[in-house]
Amino acid sequence: MQQDKTTSNNGGTISAAAFQQAITQQEVQVLDVRTANEFNGGHIQHALQANWMDQKEFADRTQHLDKSKPVYVYCQAGGRSASAQAFLIEKGFKVVNLKVED
C-alpha cells in the first residue's frame with residue numbers, strides 16, 4: 001500500500017513535498033504539535049499550535065477542529081505527530097502525518 005499521497009487517508013504519512021502541496025491546494029487544517037517555544041522558533045503559516053506533551057492544552061486546542069476537513073499534523077522528529085495522529089483518528093478525524101526525512 002503506497003502511503004505517499006496528498007489525500008486524507010487515515011494513518012497515512014506523506015513526504016514534505018506532498019505535505020506542502022496538499023496544504024496549499026486543499027481546504028485542510030494544519031496542526032503543529034510541538035511546544036510553544038518550538039512553534040515560536042518557526043512554523044508553517046496558519047498552523048494551529050497544540051502541544052502534544054501537554055494533554056490538557058492539546059485537548060483544549062483541538063476540540064474545535066472541523067471533523068469534515070482533513071488535519072495535516074507535524075512536529076520536529078515525527079514521534080509526537082504520530083501519537084497525535086492516532087489520538088485524533090480515534091476521535092473521528094481524518095489525519096495525515098508529515099513524514100520526517102532521514
Side-chain angles (χ1 to χ4, degrees):
M1 177 167 90
Q2 184 177 357
Q3 293 275 327
D4 191 16
K5 297 181 180 180
T6 57
T7 61
S8 58
N9 291 338
N10 276 340
T13 356
I14 60 175
S15 69
F19 190 94
Q20 180 63 33
Q21 181 179 20
I23 65 173
T24 58
Q25 294 185 353
Q26 299 179 22
E27 191 172 333
V28 300
Q29 302 163 105
V30 180
L31 181 62
D32 183 325
V33 299
R34 300 175 301 156
T35 66
N37 284 341
E38 289 172 304
F39 183 82
N40 290 333
H43 60 272
I44 295 174
Q45 188 175 13
H46 305 299
L48 167 68
Q49 185 268 329
N51 181 3
W52 173 251
M53 302 306 285
D54 180 336
Q55 289 300 294
K56 181 178 180 344
E57 175 186 299
F58 187 83
D60 289 346
R61 293 188 179 179
T62 59
Q63 68 180 331
H64 301 292
L65 290 172
D66 185 344
K67 288 184 180 179
S68 71
K69 296 177 185 174
V71 177
Y72 283 70
V73 64
Y74 72 97
C75 67
Q76 187 168 340
R80 289 174 285 181
S81 60
S83 297
Q85 178 185 32
F87 174 84
L88 291 170
I89 288 170
E90 285 183 16
K91 298 291 183 190
F93 290 94
K94 299 173 196 141
V95 188
V96 177
N97 190 12
L98 172 62
K99 177 182 179 187
V100 177
E101 303 297 327
D102 295 328

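Owing to the predicted nature of the structure, the values given are computational and were not obtained by experimental measurement.
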message = Can a donor-acceptor pair be found, under 3.5 Å and without considering hydrogens, that links the side chain of Y74 to the backbone of I44?
response = yes
task = Please list, chain by chain and in numerical order, all residues satisfying side-chain hydrogen bond (donor to acceptor under 3.5 Å, both in side chains) with T62, sequence neighbours excluded.
result = none
key: Donor on one side chain, acceptor on other, R61 and Q49, under 3.5 Å   = yes
task = Verify the distance criterion only: is there a donor paired with an acceptor across the side chains of N51 and T35 at less than 3.5 Å?
result = no
How close do [X] and [Y] get, counting heavy atoms only, and between which atoms?
X: V95; Y: Q85; result: O-NE2, 3.3 Å
X: A84; Y: V33; result: CB-CG1, 3.8 Å
X: G78; Y: S81; result: O-OG, 3.3 Å

F39 with M53, same ILVMFWY side-chain cluster at under 4.5 Å = no
query = Could you give the distance from OG (S83) to CG (N97), rounded to the nearest 0.5 Å?
reply = 9.5 Å
ask   = Got a second to check how far Q20's CD is from S15's OG, nearest 0.5 Å?
value = 10.5 Å
task = Answer yes or no: are there more than 12 heavy-atom neighbours, outside Q45 itself, under 6.0 Å from its atom CD?
result = no
query = Any side-chain heavy atom of V71 sitting closer than 4.5 Å to one from L65?
reply = yes
message = Counting C-beta onward and ignoring hydrogens, is there a side-chain heavy-atom pair between L48 and D32 closer than 4.5 Å?
response = no
ask   = Can you check side-chain contact (heavy atoms from CB on, under 4.5 Å) on F58 and L31, steps first, answer last?
value = CA-CA 10 Å; F58 187 83; L31 181 62; 4.1 Å; yes
inquiry  = Per the salt bridge (Lys or Arg N to Asp or Glu O under 4.0 Å) rule, what does the pair list look like for residues 64-78, sequence neighbours excluded?
reply    = E27-K69
